[in-house]
Amino acid sequence: MCEEKTIHDVEVPGSINPRQVALAKAYVSERLQEGFTINDFCKKNSISTKTWYKWTDSPEYNDYINNLSDVLLPEDELQAVRKMKSKIMGLADKEKVSANELKIFMETFSYVFEAEARMQAEKLGLNKGVASVNNRPETTLEEKKAYLITKLTKPLTSEEERELDEKFNF
C-alpha cells in the first residue's frame, strides 16, 4: 500500500529560503481551511503584499505553492469540484437562466469577474498596481471618487498626478 504524501514531502526548490517555505505551507493550508484575502494573510504573517506578490511572480515559488496545493487536495474532492464546475459552466450556454442559477454562476466565477474588472481598469489607467484599489481599506469610496473625478476633469501637473497616484496606490 502506498503511503500518502504530505506537504512536508514536496521537494523545495533550492532558490526558496526557509521563511518562504513556511509561508507557502501556511498559505496553502489556511487558504483551504478558512479562506482569506492576501492582505489579511500578509498582515497576519508580518509580510508586505508587495513582497508576497514578488515571490509569487517567481515561477519556482508559484510552482512550489501549486505542488503543495495538489498534495492537500484529495483526488475525489477535486473530481467532484470539476464535475460541478462543468455543470455550472453549462449555465453560460442556457438561453434562460433563473436568478438562482445566475447567482451560483457569479459566485463560482467571482474571481474571473474580478480579474476582468482589474484588466479593464488597467486598460483605462485606473489601476497601475498589483493589488486592486477596491482592496485598500485605508482609501474610502469618497476619496477614490474624488480622485477619479479630479483626474478626469482637471488637468494636473505631473507632480500632482504623481502625488495622487502614490496616495491612492495607482
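Just so we're clear, the structure is a prediction, and the values are computed from it rather than from any experiment. Only heavy atoms go into these numbers, but all of them, side chains included; no hydrogens, no water, no symmetry mates.
Listed here is the closest heavy atom pair of Trp52 and Ile47: N-CD1, 4.2 Å. Pairing each heavy atom of Phe109 with each of Ile88, the nearest pair is CE1-CG2, 3.6 Å. Phe41 and Glu30 make their closest contact through CD1-OE1, 3.6 Å (heavy atoms, listed as atom of the first residue, atom of the second, distance). For the pair Glu101 and Lys96, the tightest heavy-atom approach, listed with the atom from each and the gap, is OE1-O, 4.3 Å. A pairwise comparison of heavy atoms in Ile104 and Thr108 identifies O-OG1, 2.7 Å as the closest pair. Cys42 approaches Ser48 most closely through the heavy-atom pair SG-O, 4.1 Å.
Cluster membership for Leu102 and Met84, using ILVMFWY side-chain heavy atoms within less than 4.5 angstrom, is not shared.
Side-chain contact between Trp55 and Leu23 is present, with heavy atoms from C-beta onward closer than 4.5 Å. Residues Tyr64 and Val21 meet the side-chain proximity criterion, which asks for heavy atoms closer than 4.5 Å. Using a 4.5 Å heavy-atom cutoff, the side chains of Asn39 and Thr49 are in contact. Taking 4.5 Å as the limit, some side-chain heavy atom of Lys94 sits within range of a side-chain heavy atom of Val97. At least one side-chain heavy atom of Lys85 sits less than 4.5 Å from a side-chain heavy atom of Met89.
The environment of CD in Gln79 is crowded: more than 12 heavy-atom neighbours from other residues, nucleotides or ligands sit within 6.0 Å.
No donor-acceptor pair under 3.5 Å is formed between the side chain of Asn62 and the backbone N or O of Ser58. The closest donor-acceptor contact from the side chain of Tyr61 to the backbone of Gln20 lies under 3.5 Å. Ser29 places no side-chain N or O within 3.5 Å of a backbone atom of Ala26 that could act as its donor or acceptor partner. With hydrogens and angles disregarded, no donor-acceptor distance shorter than 3.5 Å links the side chain of Ser86 to the backbone of Arg82.
No donor-acceptor contact under 3.5 angstrom links the side chains of Asn66 and Ser69, judged on distance only.
We find the CG-OG1 distance between Asn45 and Thr51 to be 12.5 Å, quoted to the nearest 0.5 Å.
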